[in-house]
Amino acid sequence: MEEVLTNPHSGFYINQDVFGAGGDFITSPEVSQMFGEVISLMIGVWTMCLWEQMGQPEEVNLIELGPGRGTLMADLLRGSSKFVNFKKTLHIHMVECSPTLQKLQYSALKCVDEAVNEDGSTKRTISMLSGSPVSWHSTLEQVPLGTPTIIIAHEFYDALPIHQFQKSSRGWCEKMVDVSEDSLNFRFVLSPMPTPATLLYLRKRCQWASAEEVAKLDHIEVCPKAMELTHQIAKRISSDGGGALIIDYGKNGIISDSLQAIQKHKFVNILDNPGSADLSAYVDFASIRHSAKEVSEHISVHGPITQSQFLGYLGINFRVEALLQNSTEEQAESLKTGYWQLVGDGEAPFWEGPNEQTPIGMGNRYLAMAIVNKKQGVPVPFE
Ligand SMILES: C[S@@+](CC[C@H](N)C(=O)[O-])C[C@H]1O[C@@H](n2cnc3c(N)ncnc32)[C@H](O)[C@@H]1O
């Protein structure tokens, strides 16, 4: 999964823009220009509230993990441009493995390179949207420590590689990828005996679950990279103060069998043409909570709550209502579609009567979780 997505030569994310209607899939900041802006604005509201709770530090590392086209960060900076005291504290750090996407992010943030010294030998990059310095890194570890930090991980964890384990007559074994007998294709096989990963990761994940939860399952997915990343986030927040917001689709418990491949907006076979389709897996939020807590006593974990609750508590309805009042018919339609897709939880939206048929959107499938330094108290809207 890691090779398919991030191989430096032919990984899915590395050489192409995979987002939007012309790409392979759409994430919420990209759902439509107007609605994408609303989502980013809500995440901006969360970020500014946390900054207030942090005591308005004069310098903040605002880190986004896997920023895609840079749409969320650009909209967040535009949306917070009037909050001068907040804006002037920011140093933006984009953690992105794809050089192609780094370039798109540079343009989305309207970046310019300016000389730091007279001979121009040292340069820094500034976003003209906020006047903030911007840096790129391929991993979170590369972001300097020592400054209060706010981290946003929006649809990032779902791209981290998982292991799949399956119950068999030989006990729990690992599902692995093999070459087919004609050597032309890949195929899934089950390990003949428990692999080292089975012994290490399955045991680790199951220690955080009840015997009844595990007994019900024939398949279990474990994401050690998610555990590692969460350790890093929790340690950073513990030492530097601040918090992280994680939004993704997933579950507050063990994930059974969710690995999927999407190409041009359609599900395709996971093993066909590696590197041509997006691979993703549901995020195990319970494992994130336990991983964060096991490395530090100075952090607290909040949620997950549904995306629908997260956006609702932050006041998305007020924003959408204001936009609907001033929008053309076409814009209103696109806003309503976006709202249904991302906030919809089967209940009628606020602009309709209670009995109308409402499609169920992703409002319940997407979850939001926050990891914060305990000094910051409980972050909005997790109270
Ligand atoms: C599913 S996209 C999400 C994009 C964006 N956050 C959004 O919601 O629209 C995943 C992003 O993470 C980046 N990415 C995936 N795996 C990564 C890794 N191991 N290290 C750094 N970036 C990675 C991809 O290039 C892409 O920008």
Side-chain angles (χ1 to χ4, degrees), residues 13 17 19 27-30 36-37 39-54 56-116 122-156 229 232-233 236-237 239-247 370-373 379:
Y13 283 117
D17 176 11
F19 301 95
T27 58
S28 43
E30 309 283 350
E37 273 174 24
I39 293 277
S40 308
L41 190 73
M42 293 295 121
I43 295 177
V45 167
W46 185 86
T47 306
M48 282 190 278
C49 289
L50 183 64
W51 175 73
E52 293 270 350
Q53 284 179 286
M54 288 158 70
Q56 305 187 349
E58 283 172 12
E59 272 183 62
V60 171
N61 279 343
L62 177 57
I63 306 175
E64 186 177 356
L65 305 178
R69 280 177 170 169
T71 311
L72 189 154
M73 186 60 83
D75 287 341
L76 184 156
L77 294 179
R78 273 192 214 100
S80 59
S81 61
K82 290 195 184 118
F83 300 88
V84 182
N85 288 345
F86 167 72
K87 187 174 81 163
K88 71 178 185 209
T89 67
L90 300 178
H91 187 142
I92 315 283
H93 294 274
M94 309 287 260
V95 176
E96 174 58 66
C97 63
S98 160
T100 309
L101 293 177
Q102 286 190 1
K103 283 193 197 118
L104 290 180
Q105 292 156 15
Y106 184 97
S107 327
L109 298 189
K110 308 237 174 304
C111 284
V112 291
D113 292 338
E114 62 172 38
V116 173
T122 311
K123 291 204 165 106
R124 63 177 192 160
T125 303
I126 302 289
S127 164
M128 297 315 277
L129 298 178
S130 58
S132 327
V134 188
S135 314
W136 276 266
H137 317 267
S138 49
T139 63
L140 175 61
E141 272 166 326
Q142 293 169 357
V143 180
L145 283 161
T147 306
T149 295
I150 301 177
I151 301 174
I152 298 168
H154 188 273
E155 293 199 43
F156 180 71
L229 174 69
Q232 283 182 39
I233 292 177
R236 195 173 274 268
I237 287 167
S239 64
D240 292 346
L245 176 67
I246 300 162
I247 300 185
I371 303 172
V372 298
N373 189 301

Hey, what do you get for CE (M73) to CG (L77), rounding to the nearest 0.5 Å? 6.0 Å

For residues S135 and H137, report the shortest heavy-atom separation together with the two atoms involved. CB-NE2, 3.6 Å

Contact between P148 and M54 at the side-chain level, heavy atoms closer than 4.5 Å - yes or no? yes

Residues at least two apart in sequence or cross-chain that pass ring pair (Phe, Tyr, Trp, His ring centres under 6.0 Å) with H154, listed by chain then number, are none

Between R236 (side chain only) and V143 (backbone N and O only), is there a donor and an acceptor less than 3.5 Å apart? yes

Is the shortest heavy-atom distance from the side chain of Q142 to the side chain of T139 under 4.5 Å? yes

Gap between atom CE of M48 and atom CD1 of I43 - 0.5 Å precision: 12.0 Å

Give a yes or no on whether the backbone of I237 and the side-chain of N373 come within a donor-acceptor separation of less than 3.5 Å. yes

Any sub-3.5 Å donor-acceptor pair from S98's side-chain atoms to Y13's backbone N or O? yes

Which atoms form the tightest heavy-atom contact between L229 and F156, and what is the distance? CD2-CE2, 3.6 Å

Heavy-atom neighbours of Q56 CD exceed 12 at 6.0 Å: yes

Nearest non-hydrogen partners of P379 and A370, listed with the distance: CG-CB, 3.9 Å

Count the heavy atoms belonging to other residues, nucleotides or ligands that lie under 6.0 Å from CD of E59, then report whether that count exceeds 12. no

Please test I152 against L76 for side-chain contact (heavy atoms from CB on, under 4.5 Å), starting from the C-alpha separation and ending with a verdict. CA-CA 11 Å; I152 298 168; L76 184 156; 3.8 Å; yes

Residues L109, T125; criterion side-chain contact (heavy atoms from CB on, under 4.5 Å); working and verdict: CA-CA 10 Å; L109 298 189; T125 303; over 6 Å; no

For the atom pair CG (L72) and CE (M42), what is the distance rounded to the nearest 0.5 Å? 12.0 Å

Rounded to the nearest 0.5 Å, what separates atom CG in D113 from atom NZ in K123? 6.5 Å

P67 and M94: which non-hydrogen atoms are nearest, and at how many Å? CB-CE, 3.8 Å

Candidate pair T47 and V60, rule side-chain contact (heavy atoms from CB on, under 4.5 Å), full reasoning: CA-CA 11 Å; T47 306; V60 171; over 6 Å; no

With W136 as reference, evaluate E96, Q105, Q102 under the side chain to side chain donor-acceptor pair (under 3.5 Å) test and give the passing residue. Q105

Close side-chain approach of S40 and R78, heavy atoms under 4.5 Å: no

Quick one, T147 and H91 - any side-chain contact, counting heavy atoms below 4.5 Å? no

Using 30° and 60° as the class boundaries, would you call the ring planes of W51 and F86 parallel, tilted or perpendicular? perpendicular

How long is the span from the CD1 atom in I247 to the CD1 atom in I39, to the nearest 0.5 Å? 7.5 Å

Between CD1 on residue I150 and CG on residue L90, distance to nearest 0.5 Å: 7.5 Å

Ignoring hydrogens, what is the shortest heavy-atom contact between L65 and I233? Give both atom names and the distance. CD1-CD1, 4.2 Å

Quick one, Q53 with L50, criterion side-chain contact (heavy atoms from CB on, under 4.5 Å). Give me CA distance, side-chain angles, the key distance, then yes/no. CA-CA 5 Å; Q53 284 179 286; L50 183 64; 4.2 Å; yes

Only one of I151, L145, T149 passes side chain to side chain contact (heavy atoms under 4.5 Å, CB included) with N61, and that residue is T149

